[in-house]
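Below is one structure, written out as structure tokens; the observations come after it.
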Amino acid sequence: EAQVTQNPRYLITVTGKKLTVTCSQNMNHEYMSWYRQDPGLGLRQIYYSMNVEVTDKGDVPEGYKVSRKEKRNFPLILESPSPNQTSLYFCASSPTRESYNEQFFGPGTRLTVL
Amino acid sequence: AQSVSQHNHHVILSEAASLELGCNYSYGGTVNLFWYVQYPGQHLQLLLKYFSGDPLVKGIKGFEAEFIKSKFSFNLRKPSVQWSDTAEYFCAVNPGSGNTGKLIFGQGTTLQVKP
């Protein structure tokens, strides 16, 4: 089944404890992206990747890192999480960055930083 | 800055009522437009999209949307809603030129359908 998977689905952590949220897609998509969803703000892009080893900042990149060493994986790294990073995170992928492409979303990761 | 506005934040309807959710965007160039739906506890799924051609777009589950370029709008409609349509709905824009693949989302509209 074609899908985007994320792990973990739920995570409660404490301020400053490094964490990684994994994202994997099995559709051979070039483009991958991370969004965060906050009430009243919709989804905002954190980072994106147009292909392996090509990543760039989205609208809200502060406090996050990403890497794209393989086409299928695009982990999101929080080196020193803070409470304002408590949010619902979605990974997405699409065949290419072309604007007409549908983006396929993962199931989401609900992160709470205490 | 590019933005997307959804005017209805929370809509409550009875089953069989008609639905129209507003979406306006601020971007003067070519755009590609999407409506995504998020059912409770699930990930976002594409309802429909517009990138060229007929401005009236039909999607899944009986939804449709009309692109009106002069009004910068892409409103979502359904003639008769069902309880199973209870969900959050997001309008999104992907600018056509110089794009980075980023989707710009509206704030979302929560639809509650009463049986």
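Naming: A, B, ... by sequence-line order, numbering from 1 per chain. Hydrogens, waters and symmetry mates play no part in the numbers below; they use all other heavy atoms, side chains included.
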Path from A/F90 to A/I46 over hydrophobic side-chain contacts below 4.5 Å: no
Residues of residues 104-115 of chain B with any heavy atom under 4.5 Å of a heavy atom in chain A: B/F105, B/G106, B/Q107
Cluster overlap B/W35 with B/L13, hydrophobic side-chain contacts below 4.5 Å: yes
Cluster link A/F104 to A/Y47, ILVMFWY, side chain under 4.5 Å: no
Same apolar cluster (I L V M F W Y, side chains within < 4.5 Å links), B/L56/B/V31: no
Within 6.0 Å of CZ in A/R110, more than 12 heavy atoms from elsewhere: no
Contacting region of B/Y36 [heavy-atom separation from chain A under 4.5 Å]: side chain
Residue selection (most heavy-atom pairs with chain A, distance under 4.5 Å) from B/E88, B/K49, B/Q45: B/K49
hydrophobic_cluster_shared for B/L76 and B/I60, side chain cutoff 4.5 Å: yes
Chain B contact via A/L41 - side chain, backbone, both or neither, heavy atoms under 4.5 Å: backbone
Residue pair A/E102 / B/N94, side-chain heavy-atom distance below 4.5 Å: no
Toward chain B: residues of residues 5-39 of chain A with heavy atoms under 4.5 Å: A/R9, A/Y31, A/Y35, A/Q37
Under 4.5 Å from any heavy atom of chain B - which part of A/Q45: side chain
Note, A/Q103 side chain near B/L44 side chain (heavy atom, < 4.5 Å): no
Minimum-distance pair of heavy atoms, taken over all atoms of A/F105 and B/H43: O-CD2, 3.3 Å
